[in-house]
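These notes concern the structure reproduced below.
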Amino acid sequence: MNLEEKILDALKSVYDPELNINVVDLGLIYGVGISDEGNVQITMTLTTPGCPLHSSITSGVRYCVEALEEVKNVDVNLVWQPAWSPDKMTEDGKKALGRW
C-alpha cells in the first residue's frame, strides 16, 4: 500500500457526525498531495460552508494523517469550489445514506 492509499484509509476513520459517514465515502476529500519530505496537503470541502462542525472534522483529518509514521507535517486546505454535492459520494457512501 503506497502512502496515498494509507492516508485515504486513515481518513476513513473521520466521520461527519451529522451524517455518520466517513469523509472519504462522503466525497469531501478532493485531493492528497505528498512531498518527497513527507509533508502532506489534504484538499477537502464540507457539505455546507456554514457547517457547525468545521473545526472538529478538519482537526480529525489532520490528527489521523499525522499519526502515520511516514508523515512529517499535514496541511488541511479547505475549499468551497467545486461545491460538494451528493454526486461526489462513493458507492459505499450512497449505500450508507440509503440512496441505493
Side-chain angles (χ1 to χ4, degrees):
M1 183 180 293
N2 68 35
L3 183 53
E4 182 175 356
E5 292 169 333
K6 287 181 183 179
I7 290 169
L8 290 171
D9 190 52
L11 287 171
K12 287 186 177 185
S13 70
V14 180
Y15 280 74
D16 179 304
E18 291 180 317
L19 298 174
N20 200 31
I21 300 173
N22 72 69
V23 296
V24 174
D25 289 331
L26 197 50
L28 300 180
I29 304 301
Y30 286 177
V32 175
I34 306 166
S35 75
D36 291 338
E37 295 80 28
N39 297 313
V40 174
Q41 182 175 39
I42 306 291
T43 302
M44 66 174 294
T45 195
L46 298 171
T47 56
T48 61
C51 177
L53 300 165
H54 157 268
S55 61
S56 173
I57 295 170
T58 56
S59 293
V61 165
R62 179 176 291 107
Y63 177 76
C64 80
V65 176
E66 284 176 342
L68 298 172
E69 71 178 64
E70 301 96 330
V71 174
K72 303 295 181 232
N73 185 42
V74 178
D75 179 44
V76 177
N77 180 27
L78 193 59
V79 299
W80 303 110
Q81 293 296 323
W84 179 85
S85 74
D87 295 335
K88 297 192 181 310
M89 295 172 67
T90 66
E91 292 301 316
D92 287 341
K94 291 175 183 175
K95 286 177 187 173
L97 207 81
R99 297 200 76 202
W100 291 140

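One-based numbering along the sequence shown.
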(request) Could you tell me whether the side chain of I21 reaches within less than 4.5 Å of the side chain of D16, counting heavy atoms only? (result) no
(message) Measuring only between side-chain heavy atoms, which start at C-beta, is I34 closer than 4.5 Å to I7?
(response) yes
(message) Among L53, V23, V79, L78, exactly one meets side-chain contact (heavy atoms from CB on, under 4.5 Å) together with L46. Which residue is that?
(response) L78
(message) Which residue in the set C64, S59, S56 passes side-chain contact (heavy atoms from CB on, under 4.5 Å) when paired with V14?
(response) C64
(request) Could you give me the CA-CA distance, side-chain angles and deciding distance for V65 and V32, then say whether side-chain contact (heavy atoms from CB on, under 4.5 Å) is met? (result) CA-CA 11 Å; V65 176; V32 175; over 6 Å; no
Do [X] and [Y] share a hydrophobic cluster, counting only Ile, Leu, Val, Met, Phe, Trp and Tyr and linking them when any side-chain heavy atoms are less than 4.5 Å apart?
X   : Y   : value
L19 : M89 : yes
V61 : L3  : yes
W80 : I42 : yes

(request) Write out all pairs satisfying salt bridge (Lys or Arg N to Asp or Glu O under 4.0 Å) with one or both partners inside residues 70-80, taking only residues at least two apart or from two chains. (result) K6-E70
(message) Is it true that, when you exclude E5 itself, more than 12 heavy atoms of the residues, nucleotides or ligands shown sit nearer than 6.0 Å to its CD?
(response) yes
Can you name the closest pair of heavy atoms from [X] and [Y] and give their distance?
X   : Y   : result
Y15 : P17 : O-CD, 3.2 Å
T45 : W84 : CG2-CB, 3.8 Å
I29 : M44 : CD1-CB, 4.0 Å
L8  : V24 : O-CG2, 3.6 Å

(request) State the CD-CG distance between E18 and L26, to the nearest 0.5 angstrom. (result) 10.5 Å
(request) Hey, could you give me the CG/OG1 distance between N77 and T43, rounded to the nearest 0.5 Å? (result) 4.5 Å
(message) Please enumerate all residues that pass side-chain hydrogen bond (donor to acceptor under 3.5 Å, both in side chains) together with D25, with sequence neighbours excluded.
(response) N22, T90
(request) Please identify each residue that fulfils salt bridge (Lys or Arg N to Asp or Glu O under 4.0 Å) with K88, with sequence neighbours left out. (result) none
